[in-house]
Amino acid sequence: MVIELKHPLIEHKLAILRDKNTGTKEFRELVKEIAMFLCYEAFKDAKLEKVTIETPMQEMKIGKLNEDKYAFVPILRAGMGMLDGVITVIPNAKIGHIGMYRDETTFEPVNYFFKVPKDIEKREVILLDPMLATGGSAIDAIDLLKSKGVKKIKFLCLIAAPEGIKRVEKVYPDVPIYCANIDKKLNNNKYIMPGLGDAGDRIFGTK
Ligand code: PRP
Ligand code: URA
């Protein structure tokens, strides 16, 4: 299942984000902001626990999120750009990291780091990566999480290519994909078109 944020403000923010003249500072701020909106959408179906609180006026029953049931897992490097946004929304979630880079010739992901909370199997995992291109990195990251016993995973990205969506949906139909936009296609170098270029390089200013 793919959920695309369709909203004029998101399109507006993506217009600035995609622009090649947008600098590192603004790029980072926009990745953070859009990640917050994606997080809101991804928690639309969150189950709340009824608690009793006292307002200055009276006692009342109200739903609260048990933030301890969640973990955010960015795929390094670019996923780190989204972390600030999602922890602004859910500050008590635990955080894991998956290090992955795409080999420049084979376009296959290479895993170089994996560190997640030790009770990860009890948590719903929100996997973060701004770009879903071929889907290889997302699938390998989901493989790793599932091998640790994680049962519920949501994948949040800014831009998704139809090729990557198709592949993830085929291998993991149980993992919903939340994206800000579905783009047209991949080019011969497996970059998303029109896309925004290399997300990691633009967030960290490495090129
Ligand atoms: C980018 C992106 C994803 C991956 C997507 O990372 O952030 O992780 O490519 O491509 P895929 O869907 O074809 O696997 P990259 O390898 O450039 O590493 P970086 O985050 O360190 O820049
Ligand atoms: N990774 C990126 O950062 N951008 C793309 O378009 C594809 C993979």
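Atoms within each ligand, like the ligands themselves, are counted from 1 in listed order. Worth knowing before you read on, the calculation uses all heavy atoms, side chains too, and leaves out hydrogens, waters and symmetry mates. FYI, the numbering just counts along the sequence from 1.
Note: no N/O pair closer than 3.5 Å links Leu132 and ligand 1 by distance alone. Looking at Asp129 next to ligand 1, an N or O pair under 3.5 Å apart turns up. Looking at Pro130 next to ligand 1, no N or O pair under 3.5 Å apart turns up. Checked by distance only, ligand 1 and Ala138 stay at 3.5 Å or farther apart across all their nitrogen or oxygen atoms. When only interatomic distances are considered, the shortest N/O to N/O separation between Tyr101 and ligand 1 does not fall below 3.5 Å. The shortest N/O to N/O separation between Asp201 and ligand 1 does not fall below 3.5 Å.
Rounded to the nearest 0.5 angstrom, Lys13 NZ and Leu5 CG are separated by 12.5 Å. One finds the CZ atom of Arg123 at 5.5 Å from the CG atom of Asp68 (value rounded to the nearest 0.5 Å). Note: Lys94 NZ to Glu67 CD = 10.0 Å, rounded to the nearest 0.5 Å. We find the CG-CD1 distance between Leu127 and Ile142 to be 6.0 Å, quoted to the nearest 0.5 Å.
Cys39 approaches Val86 most closely through the heavy-atom pair CB-CG1, 3.8 Å.
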What are the polar N/O contacts of ligand 2 with the protein below 3.5 Å, with distances?
from	atom 1	to	atom 2	distance (Å)
ligand 2	3 (O)	Ala199	N	2.8
ligand 2	4 (N)	Gly197	O	2.9
ligand 2	6 (O)	Ile192	N	2.8

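Within the structure, side-chain hydrogen bond (donor to acceptor under 3.5 Å, both in side chains) contacts touching residues 169-178 (residues at least two apart or in different chains) are Asp143-Tyr172, Lys146-Asp174. Pairs of residues two or more places apart, or lying in two chains, never qualify as side-chain hydrogen bond (donor to acceptor under 3.5 Å, both in side chains) while including a residue from residues 129-138.
Inter-residue side-chain proximity for Glu4 and Asn181 is flagged as met; some heavy-atom pair is nearer than 4.5 Å.
Through direct or indirect side-chain contacts shorter than 4.5 Å among Ile, Leu, Val, Met, Phe, Trp and Tyr, Val51 is connected to Ile53, Met60, Ile62.
The closest approach between any non-hydrogen atom of Asp140 and ligand 1 is not below 4.0 Å. In this structure, Met131 counts as a contact residue of ligand 1, since one of its heavy atoms falls inside 4.0 Å of the ligand. By the 4.0 Å heavy-atom criterion, Phe107 is excluded from the residues contacting ligand 1.
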